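Please read all numbers here as calculations on a predicted model, not as lab measurements. Letters A, B, ... are given to chains in the order of the sequence lines, protein chains preceding strands, and every chain is numbered from 1.
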Amino acid sequence: EAGVVQSPRYKIIEKKQPVAFWCNPISGHNTLYWYRQNLGQGPELLIRYENEEAVDDSQLPKDRFSAERLKGVDSTLKIQPAELGDSAVYLCASSFTQGPLVEKQYFGPGTRLTVT
Amino acid sequence: RKEVEQDPGPFNVPEGATVAFNCTYSNSASQSFFWYRQDCRKEPKLLMSVYSSGNEDGRFTAQLNRASQYISLLIRDSKLSDSATYLCVVTSSTDSWGKLQFGAGTQVVVTP
């Protein structure tokens with residue numbers, strides 16, 4: 001069974017440029033998460049989707065970050081414009097959730113973003 | 001104070017020894033708990049869920065102490081391949097959708 005797929009794996013951009021990350025979750029998983037992980041830190045949740053609905057985007061910096069999961073399957077996370085402090089690994093995870101509690105999550109390999 | 005805290009380590013462990021470490025959480029409404037393992041420059045991978053009665057998976061034992069609000073992970077007979085960062089995840093259902101938080105991780109280094 002294919003795992004969570006993310007692309008690109010690496011991205012280097014100059015500050016003020018836009019960037020987008022793509023994620024395809026495990027087939028059948030209704031919940032999709034985007035995380036940001038800085039060196040030496042745990043993943044920080046940016047947004048959580050239940051199917052097409054963003055049920056927790058409280059940590060998403062909405063002035064420059066946006067996300068969508070239009071058909072409840074794959075998802076795109078965008079940053080526009082990027083800042084130096086956005087350099088991090090962006091992780092996508094998915095799970096099959098039947099209630100409010102978070103179930104086991106499966107992570108993709110991440111996108112390592114460097115903003116210069 | 002962070003809602004989920006872990007000793008960053010590193011815990012330097014001789015091969016074959018036992019190591020244990022905790023993860024403390026501040027939200028008493030927390031309801032589900034997990035341990036993930038993350039190798040250097042890799043994604044986190046689920047190690048085990050943590051159940052109220054404690055649970056074991058091979059050389060790994062997880063415990064939950066609700067009164068003191070922490071979970072623990074114990075690794076017996078440590079292998080070199082156990083070297084990794086161990087992340088705890090704590091979730092609560094204080095609203096319609098569970099809120100989840102990762103700890104910053106505990107680094108374990110198993111030495112020959």
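- A continuous path of hydrophobic side-chain contacts links A/Val115 to A/Trp34 [ILVMFWY only; heavy atoms under 4.5 Å].
- Remark: A/Ser66 pairs with A/Lys78 by the side chain to side chain contact (heavy atoms under 4.5 Å, CB included) rule, at least two apart or across chains.
- Enclosure of atom CG in A/Leu39 is not indicated, since only 12 or fewer non-hydrogen atoms of other residues, nucleotides or ligands lie within 6.0 angstrom.
- Interface residues of residues 101-112 of chain B toward chain A, defined by a heavy-atom distance below 4.5 Å and sorted by number: B/Phe102, B/Gly103, B/Ala104.
- Taking a 6.0 Å sphere around NZ of A/Lys71, one finds it holds 12 or fewer heavy atoms contributed by other residues, nucleotides or ligands.
- Residues meeting the side chain to side chain contact (heavy atoms under 4.5 Å, CB included) test with B/Glu43, sequence neighbours left out: A/Leu91, A/Phe107, A/Pro109, B/Lys45.
- Connection of B/Phe11 to B/Ile71 is established within a shared hydrophobic cluster, with ILVMFWY side chains joined at heavy-atom distances below 4.5 Å, either directly or through further cluster members.
- Separating the NZ atom in A/Lys104 from the CG atom in B/Leu47 is a distance of 11.5 Å, to the nearest 0.5 Å.
- By number of non-hydrogen pairs under 4.5 angstrom with chain A, the leading residue of B/Pro8, B/Cys88, B/Pro44 is B/Pro44.
- Residue A/Gln37 touches chain B through its side chain alone, counting heavy-atom pairs closer than 4.5 Å.
- In the hydrophobic cluster analysis, where Ile, Leu, Val, Met, Phe, Trp and Tyr join through side-chain heavy atoms closer than 4.5 angstrom, B/Ile75 is grouped together with B/Phe33.
- Taking each heavy atom of B/Leu87 and A/Gly42 in turn, the nearest pair found is CD2-CA, 4.2 Å.
- Judged as a salt bridge (Lys or Arg N to Asp or Glu O under 4.0 Å), not a single pair has a partner in residues 3-23 of chain A (not counting sequence neighbours).
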